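Beneath this line is the structure, given in structure tokens, with notes to follow.
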Amino acid sequence: GSNFHGQGSFNAQPDQIIKSVHDHDDRKYIYFTEEGNTAPGAHARDGEGTYYTLFRAIPGGRFSGDETVGIAFSPDRKRFYCGYQEEGVLFEITREDGQMFN
């Protein structure tokens with residue numbers, strides 16, 4: 001299996017995970033939340049093992065140490081939703097190019 005723990009800046013385990021389900025191109029991603037550290041956030045990993053950050057807390061900032069929750073996509077996969085539990089904040093993220101999340 002894949003090991004997400006300890007890769008790059010990821011020093012906490014992933015919590016929620018969503019696998020890419022669309023076959024419109026060859027790029028496949030796993031989207032996941034990371035929590036339990038000073039910079040919790042939402043990330044993706046492609047089939048080559050490269051990690052991408054959708055967003056993350058600033059260490060020592062407002063969301064530092066919070067729990068990342070609510071990972072979901074809109075039905076057209078053009079919006080990614082995720083938030084911070086303790087602060088009660090939900091983010092809606094879109095791509096700059098207007099395309100869907102793979």
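A quick note: this is a predicted structure, and the numbers were derived from the prediction, not measured.
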Side chain to side chain contact (heavy atoms under 4.5 Å, CB included) between R62 and V89: does it pass, once the steps are laid out?
CA-CA 11 Å; R62 176 180 174 189; V89 175; 3.5 Å; yes
From CA spacing to verdict: side chain to side chain contact (heavy atoms under 4.5 Å, CB included), K78, Q99:
CA-CA 6 Å; K78 289 189 175 186; Q99 297 296 309; over 6 Å; no
Take Y84 and F55 through the test side chain to side chain contact (heavy atoms under 4.5 Å, CB included) and record every step on the way to the result.
CA-CA 11 Å; Y84 288 113; F55 72 90; 3.4 Å; yes
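The local environment of CD in E92 is crowded, with over 12 non-hydrogen atoms from other residues, nucleotides or ligands closer than 6.0 Å. Within a 6.0 Å radius of CD1 in I58, no more than 12 heavy atoms belonging to other residues, nucleotides or ligands are found.
The other residues sharing a hydrophobic cluster with L90 are Y81, where clustering joins ILVMFWY side chains under 4.5 Å apart.
When all heavy atoms of P40 and G65 are compared, the pair lying nearest together is CD-N, 3.8 Å. Closest approach of G83 and F91 over heavy atoms only: CA-CD1, 4.2 Å. Nearest approach of A42 to C82, heavy atoms of both residues: CB-SG, 4.2 Å. When all heavy atoms are compared, the tightest approach of H43 to L54 is C-CD1, 3.8 Å.
Although no hydrogens or angles enter the test, the distance criterion places a donor-acceptor pair under 3.5 Å between the side chain of D66 and the main chain of E87. The main-chain N or O of R79 is found under 3.5 Å from a side-chain atom of S74 such that the two form a donor-acceptor pair. A side-chain donor-acceptor contact under 3.5 Å links R77 to the backbone of F101. Listed for the S64 side chain is a donor-acceptor partner under 3.5 Å among the backbone atoms of T38. Under a 3.5 Å cut-off, the side chain of T68 and the backbone N or O of G41 do form a donor-acceptor pair. Between the R95 side chain and the M100 main chain, a donor and an acceptor come within less than 3.5 Å of each other.
Looking only at side-chain heavy atoms (C-beta outward), I18 and Y29 stay at 4.5 Å or farther from each other. At least one side-chain heavy atom of I17 sits under 4.5 Å from a side-chain heavy atom of I30.
Annotation: the span from R56 atom CZ to E34 atom CD amounts to 8.0 Å, rounded to 0.5 Å.
In this structure, the ring of F73 has its center less than 6.0 angstrom from the ring center of Y31.
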